[in-house]
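I have placed the structure first, in the form of structure tokens, so that the comments after it can refer back to it.
Proteins get letters first, then strands, A, B, ... in listed order; numbering begins at 1 in each. Note that the structure is predicted; figures quoted are calculated from it, not measured.
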2 protein chains.
Amino acid sequence: MTQGQSRSENTRGLLFLTDEQLRKGIEAMFFAYRGFTADPDRILAEKSYGRAHHRALHFIHRSPGTTVNNLLATLGVTKQSLNRVLRTLIEDGLVLNEVGIRDKRERHLTLTDAGADLESALSNAQSDRMRSAYRQAGADAVYGFCTVLEAMMDPELKEHYEHLTGGEQQ
Amino acid sequence: MTQGQSRSENTRGLLFLTDEQLRKGIEAMFFAYRGFTADPDRILAEKSYGRAHHRALHFIHRSPGTTVNNLLATLGVTKQSLNRVLRTLIEDGLVLNEVGIRDKRERHLTLTDAGADLESALSNAQSDRMRSAYRQAGADAVYGFCTVLEAMMDPELKEHYEHLTGGEQQ
DNA sequence: TTGGAATGTCAACAACACTGACGTATTATT
DNA sequence: AATAATACGTCAGTGTTGTTGACATTCCAA
């Protein structure tokens with residue numbers, strides 16, 4: 001029941017993968033993602049923000065001066081959904097919303113000092129766990145980790161990921 | 001700003017990790033998780049179910065006859081939240097709810113044939129992407145992937161993960 | 001028999017996503 | 001100059017998923 005489905009593929013040089021291995025990976029993703037968000041969630045709960053606020057802060061920090069449309073595409077949500085979050089962040093003085101110079105329809109988003117402080121607190125909480133996991137697992141494991149994650153992304157989302165990694169690095 | 005924080009730790013034999021590497025891992029998790037859930041989400045949307053239904057079906061499939069309390073701990077939600085999901089699954093004839101024999105307070109949960117069909121459809125959709133990612137990345141990468149994910153889990157959640165992987169495997 | 005554990009249910013609420021519609025600038029196109 | 005398209009914001013409604021709190025029931029065990 002767990003075995004015997006892709007032996008022929010093996011002869012074509014493909015990795016042999018049991019249902020068991022795949023299921024294990026699926027459950028690992030589920031449980032690990034819970035750990036991944038747990039620490040920032042605790043900080044956010046104190047300030048009555050949610051994960052959506054964290055994501056917005058993160059990507060505005062990563063791409064200062066980004067536009068609303070840009071952020072929309074990266075986060076993969078509707079403008080109504082993002083707007084709710086952005087509005088509170090702007091009202092609370094964590095994010096700046098400036099009219100574009102070349103194109104006045106656009107709004108450029110930047111973190112204020114207070115916004116950068118919160119972003120940094122959230123980022124540190126998440127990075128601490130990540131660093132600890134990386135060190136437990138070792139350098140080779142980290143490389144494999146990222147390789148598999150990248151292969152799991154939707155092609156369209158992967159472009160956003162690579163654009164962040166490659167381009168506009170300050 | 002991205003550099004120079006843990007050079008001293010390096011001499012103690014610890015992995016040297018830049019903020020950039022950590023941030024990349026964080027973003028990889030974010031984008032990959034979206035891909036991870038995208039395929040089952042499409043199937044669920046057709047049947048007007050959500051991810052919570054998927055998770056319940058998955059873990060009932062994994063541990064047939066599990067109790068509500070057990071499932072609660074694995075999923076990490078409140079009984080009220082799980083109850084709403086279970087109720088619809090039971091009403092729709094996807095899950096069986098049987099009073100325990102030894103302890104009649106407990107309810108043992110099992111998938112019906114229809115429930116197993118849906119679980120299998122969801123599982124296959126998710127596994128297909130996983131398999132493709134695993135093959136793109138290679139066997140070593142897969143090993144590293146799981147190692148890092150396991151290191152990221154909360155210890156309490158990791159027990160659930162290991163219990164599933166190790167025990168009650170028929 | 002009393003206390004506690006397991007389960008279920010009701011109600012209220014909040015976060016976060018969605019759709020659809022509408023308005024207002026601003027820019028681009030014809 | 002008129003028209004279309006773009007970027008953004010907002011209002012209203014809906015759905016899923018999570019949370020608390022309160023309360024009833026059933027059953028086990030001391």
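If you measure from atom CG of B:D41 to atom C1' of C:dC18, you get 13 Å, rounded to the nearest angstrom. Distance B:E106 CD to D:dA29 C1': 15 Å, rounded to the nearest Å. When the P atom of C:dT7 is taken as reference, atom CG of B:L72 falls 8 Å away, rounded to whole Å. Look at CZ on A:R51: it is 11 Å from C1' on D:dT17, rounded to the nearest Å. Protein atom CD1 of A:I101 is 21 Å distant from nucleotide atom P of C:dA25, rounded to whole Å. Whole-Å rounding puts the B:D103 CG to C:dA6 C1' distance at 7 Å. Here D:dA7 presents its C1' atom at 15 Å from CZ of A:R102, a figure rounded to the nearest Å.
Annotation: side chain to side chain donor-acceptor pair (under 3.5 Å) contacts involving residues 143-154 of chain B, sequence neighbours excluded, comprise A:R129-B:D154, B:E150-B:Y161.
Between A:N69 and D:dC8, a side-chain N or O to OP1/OP2 separation shorter than 4.0 Å is present. Within the structure, a side-chain polar atom (N or O) of A:R55 is placed less than 4.0 Å from OP1 or OP2 of C:dA17. For D:dT17, the OP1/OP2 oxygens have a side-chain nitrogen or oxygen of B:H53 closer than 4.0 Å. Side-chain nitrogen and oxygen atoms of B:R107 include at least one within less than 4.0 Å of the OP1 or OP2 phosphate oxygen of C:dG8.
A:H160 and B:E27 share no donor-acceptor pair across their side chains, judged by distance under 3.5 Å alone.
Contact annotation for A:H108: no contact, since no heavy-atom pair falls under 4.0 Å across all strands.
Separating the CG atom in A:L122 from the NE2 atom in A:H58 is a distance of 11.0 Å, to the nearest 0.5 Å. To the nearest 0.5 Å, atoms CD1 (B:I90) and CG (B:L96) are separated by 8.5 Å.
A side chain to side chain contact (heavy atoms under 4.5 Å, CB included) with B:K79 is found for one member of B:L72, B:L86, B:N69 and no other, namely B:L72.
Distances from the side chain of B:R105 to the nucleotides C:dG8, D:dA7, D:dT26 place D:dT26 closest.
Within 6.0 Å of CG in A:D103 there are more than 12 heavy atoms belonging to other residues, nucleotides or ligands.
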Pairs under 3.5 angstrom only: tabulate donor-acceptor contacts from the side chains of residues 45-55 of chain A to other protein residues two or more places apart or in another chain.
unit_1 : atom_1 : unit_2 : atom_2 : d
A:Y49  : OH     : A:D92  : OD2    : 2.3
A:R51  : NE     : A:D41  : OD1    : 3.3
A:R51  : NE     : A:D41  : OD2    : 3.2
A:R51  : NH2    : A:T37  : OG1    : 3.2
A:R51  : NH2    : A:D41  : OD2    : 2.8
A:H53  : ND1    : A:G50  : N      : 2.9
A:H53  : NE2    : A:T88  : OG1    : 3.2

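Interface residues of residues 77-98 of chain B facing DNA chain C, ordered by number: B:K79, B:Q80, B:N83, B:N97; criterion, heavy-atom separation under 4.0 Å.
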